[in-house]
A.B. asks: 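Please read through the structure below; I'll follow up with questions.
These numbers were taken from a predicted model, which means no experiment stands behind them. First the proteins, then the strands, lettered A, B, ... as listed; each starts at 1.
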2 protein chains.
Amino acid sequence: MTAHGTHGRRPTLEEVAARAGVGRGTVSRVINGSPRVSEQTRAAVEEAVAELGYVPNTAARALAANRSDSIAVIVPEAESRFFSEPYFSGMVGGVGLALADTNLQLLLTFARGEREQDRLTAYLAAHRVDGVLLISVHADDPLADRLLQLDIPTVISGPRSADEPLPSVDTDNYEGARSAVAHLVSRGRRSIALIAGPQNVYGAERRTAGYVDQLAADGIAYDEKLVAYADFTEEMGRRRMAELLERAPGLDAVFACSDLMASGARQVLREAGRRIPQDVSLVGFDDSVIARHMEPGLTSVRQPTRDMGRAMAELLLDEIADAAAGKRSSVRRGTPRHLVLPTELVVRGSS
Amino acid sequence: MTAHGTHGRRPTLEEVAARAGVGRGTVSRVINGSPRVSEQTRAAVEEAVAELGYVPNTAARALAANRSDSIAVIVPEAESRFFSEPYFSGMVGGVGLALADTNLQLLLTFARGEREQDRLTAYLAAHRVDGVLLISVHADDPLADRLLQLDIPTVISGPRSADEPLPSVDTDNYEGARSAVAHLVSRGRRSIALIAGPQNVYGAERRTAGYVDQLAADGIAYDEKLVAYADFTEEMGRRRMAELLERAPGLDAVFACSDLMASGARQVLREAGRRIPQDVSLVGFDDSVIARHMEPGLTSVRQPTRDMGRAMAELLLDEIADAAAGKRSSVRRGTPRHLVLPTELVVRGSS
DNA sequence: ATCACTTATGGGAGCGCTCCCACCCTACTT
DNA sequence: AAGTAGGGTGGGAGCGCTCCCATAAGTGAT
């Protein structure tokens, strides 16, 4: 490694070629790892590259090859949850990790209002990103369909329905919920309330299904008075908990579909004089930092956000490779790949 | 807005020119908002752009203009705190917010081990980013100096020393610490322990200074037995708290320089049978999600991470503009700009 | 009417790569 | 001996822009 002239103009491929005494094409081949280069020549070129501190210009490469070596991660900034929920940062971190071993860039993009569709489409067109990672899409998010239609390799972070056409990575929401309920039952609880997430979010719906099925499996009758629907936020957790307490004062356990809602529920329970876990067991979902720091510690269904991010990136790389290999849309779409990562119940003092 | 041919090749500048019946140069001028275009022509071009759904190709533009319209945000992934501390996600979110109004892209980069220096430098060279945002640099981080020397517009998120040569954005660590101590004193506490951050981090050092000075201002003698140094982590918070309790069993308050350390301290205090806040008042720093969900709520010095991110982006834009305006290095370096954002003490049950 | 400016516009010359075709040379075939 | 593959290599032709110079047209002063 030699000093590459402090700053100023960086060497070009052509200069490397001149230095190594070969043609431009050959240097290009070496840079891109083509096998059609003799050992000698390769060594000579590599030496020239090192001596000159040559680094290929991304823009030139993107222009000539018509690929950008970058992927866009689109986060719904509108909900501004990126700032409060570790879910997003975990995901993004995982993606970054997976990409570090690649030469792909991570373009982070915040999708503001639903109306930003056009802006985003233009953005993707302008950058000709090789792929897109869409985090947290609602069942009615139009962006996902747009991407599908544009035929840009895309992976989303939670299928929008059971027959999601786009490849996806998700946690096993259904089993996660079952494990939570099973755990509560094993603790002797029989009157288990559910604070569910928005049912237009597929993952939230799966959790509800898991709750229902596990109750049945344990021979406990489903009681709709014990079920309330919220939107994952703390405030709604409070409201629904208060309502549940009114409707079903005899409940002895609560399964909230997010830690945030569990936190809201806890406050209401406490104000109502119910002790946790003596009077009421509480279980959350996410195993976020909140769960670890709540008092008592919140039993929660852990989502491996970091692994999810990593998995998304890896799946996307496959998609991009497939697309490049010429398996065009119609063929590829035959079998979208859906990855489901297992959850893990982290038991703490609240149950 | 018209359908831009479902997918396939996107229109080029030249096609827009042909359609509008003008030359390439003129379209370029319109796209880039040059004033040297007549109203008529401008309108004609804009219509052609809309009809064709033209979006300029970023790569081509970057190549021709030798600027990338993108900035890199470098986060020290090594510490993997990105995943656990809201500090980072808040920052990044703020940056994203500020950039949304620009046409600049956000390249998110994780700086792994200290040895990644070369990789990163190559990365920046390859992408010819217009600027760099460096989050959380240690006093001895070599990357910052490298950037300075490379003459790439850079803003860092916390000066490394009192005479930081790079522009920076920071919270008022000193005043934040003072407000925390003043608050504890106002609660009648006189034996206030400090769990300080690593003193090679300038911001942490400033907090220590604030602690010292405020004690003096309140006429309380400094007692080194009440001061312990840690590294911002929960585990170290635990360890140091245990040591403090041994060295100074009579302490009646603790100021921890991060919420995470405060959380660790709380556990130890509780195990030692000290009640919070009756026996010992506890104050943290960051006002992260942890503070809000601790039991009792943790009084904490709030850092406006989101605003900091936004401020960093804005400062960087200025830097880039200055650099482009030809005020070269030597001149620019005369007065690096340092922005210091105020903190706010959020009082909760722990004090 | 002439000259000197100013303003609007067209288009050539790259930016630094990749792609691909032509070419050379050696190594086998028949 | 001539013929046929190939591997290895050089370099032309772009990719889609921006920059800038040349040119055309318009404006007011002489």
A.B. asks: What residues in residues 17-26 of chain B put a non-hydrogen atom under 4.0 Å from any atom of DNA chain C?
C.D. replies: B/Gly21, B/Val22, B/Gly23, B/Arg24, B/Gly25, B/Thr26

A.B. asks: Do A/Leu317 and A/Leu104 come within less than 4.5 Å of each other through their side chains, counting heavy atoms only?
C.D. replies: yes

A.B. asks: Taking CG from A/Leu13 and C1' from C/dC19, how many angstroms apart are they, rounded to a whole number?
C.D. replies: 13 Å

A.B. asks: Measure the angle between the two terminal helix axes of the helix from C/dA1-D/dT30 to C/dT29-D/dA2, five base pairs each, and quote it to 10°.
C.D. replies: 50°

A.B. asks: Of all heavy-atom pairs between B/Ile152 and B/Gly131, which one has the smallest distance, and what is that distance?
C.D. replies: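 For B/Ile152 versus B/Gly131, the nearest heavy atoms are CG2-CA, 4.2 Å.
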
A.B. asks: Looking only at heavy atoms, which two atoms of B/Ala62 and A/Ala59 are closest? And how far apart?
C.D. replies: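 Residues B/Ala62 and A/Ala59, closest heavy atoms: CB-CB, 3.6 Å.
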
A.B. asks: In whole angstroms, how far is the C1' atom of D/dT18 from the CG atom of B/Asp69?
C.D. replies: 12 Å

A.B. asks: Got A/Leu107 and B/Leu107 here, is their nearest side-chain heavy-atom distance under 4.5 Å?
C.D. replies: yes

A.B. asks: What is the distance, rounded to the nearest whole Å, between atom CZ of B/Arg61 and atom P of C/dG16?
C.D. replies: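 Answer to the nearest Å: 18 Å.
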
A.B. asks: Measure CD/A/Glu14 against C1'/D/dG12 and give the value in whole Å, please.
C.D. replies: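 Computing the A/Glu14:CD to D/dG12:C1' distance gives 12 Å.
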
A.B. asks: Of all heavy-atom pairs between B/Gly53 and B/Arg10, which one has the smallest distance, and what is that distance?
C.D. replies: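 So the two residues come closest at O-NH1, 3.5 Å.
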
A.B. asks: Using a strict 4.0 Å threshold on nitrogen-to-oxygen distance, state whether B/Asp101 and B/Arg310 make a salt bridge.
C.D. replies: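 Salt bridge: no.
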
A.B. asks: Do side-chain atoms of B/Glu47 reach the backbone of B/Ala43 as a donor and acceptor pair under 3.5 angstrom?
C.D. replies: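 Judged by distance alone, no pair lies under 3.5 Å.
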
A.B. asks: Among C/dC15, D/dC17, C/dT9, which nucleotide sits nearest the side chain of B/Leu63?
C.D. replies: C/dC15

A.B. asks: Might you list the N or O atoms of the protein lying below 3.5 Å from N or O atoms in nucleotides 21-23 of chain D, with each pair's distance?
C.D. replies:
none

A.B. asks: Figure out the CZ/C1' separation between A/Arg42 and D/dT9, and round it to whole Å.
C.D. replies: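 Taking atom C1' of D/dT9 as the reference, CZ of A/Arg42 is at 13 Å.
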
A.B. asks: Just to verify, which of A/Ile156, A/Asp307, A/Val155 counts as forming a side-chain contact (heavy atoms from CB on, under 4.5 Å) with A/Val169?
C.D. replies: A/Val155

A.B. asks: Choosing from C/dA8, D/dG8, C/dC17, which nucleotide comes nearest the side chain of B/Thr41?
C.D. replies: C/dA8

A.B. asks: On DNA chain C, does the nearest nucleotide to A/Asn32 precede the nearest nucleotide to B/Ser38 from the 5' side, or the other way round? Give the residue.
C.D. replies: B/Ser38

A.B. asks: Whole angstrom is fine here: how far is it from NE2 in B/His127 over to C1' in C/dG16?
C.D. replies: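 So the NE2-C1' distance, B/His127 to C/dG16, works out to 15 Å.
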
A.B. asks: Are OP1 or OP2 of C/dC17 and a side-chain N or O of A/Ser28 less than 4.0 angstrom apart?
C.D. replies: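 Answer is no, no contact under 4.0 Å.
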
A.B. asks: Which whole-number value in Å describes the distance from A/Asn66 CG to C/dT18 C1'?
C.D. replies: 11 Å

A.B. asks: Have a look at B/Asn57 and say if it touches a base, only the backbone sugar-phosphate, or nothing, with a 4.0 Å heavy-atom cut-off.
C.D. replies: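 Result for B/Asn57 = sugar-phosphate.
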
A.B. asks: Quick check: closest heavy atoms across A/Glu15 and A/Pro11, and the distance to 0.1 Å?
C.D. replies: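 Looks like OE1-CA, 3.0 Å.
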
A.B. asks: Roughly how many Å is it from CZ in B/Arg36 to C1' in C/dT9, rounded to a whole number?
C.D. replies: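 Going from CZ in B/Arg36 over to C1' in C/dT9 covers 11 Å.
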
A.B. asks: Any luck finding a side-chain donor-acceptor pair between A/Gln105 and B/Tyr123 under 3.5 Å?
C.D. replies: yes

A.B. asks: Choose from D/dG8, D/dC19, D/dC15 the nucleotide whose nearest atom is closest to any side-chain atom of B/Ala65.
C.D. replies: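 Out of D/dG8, D/dC19, D/dC15, the nucleotide with an atom closest to B/Ala65's side chain is D/dC19.
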
A.B. asks: Which heavy atom of B/Pro56 sits nearest to which heavy atom of A/Ala126, and what is that distance?
C.D. replies: O-CB, 3.5 Å

A.B. asks: For the pair A/Asp130 (side chain) and A/Ser68 (backbone), establish whether a donor and an acceptor sit closer than 3.5 Å, ignoring hydrogens and angles.
C.D. replies: yes

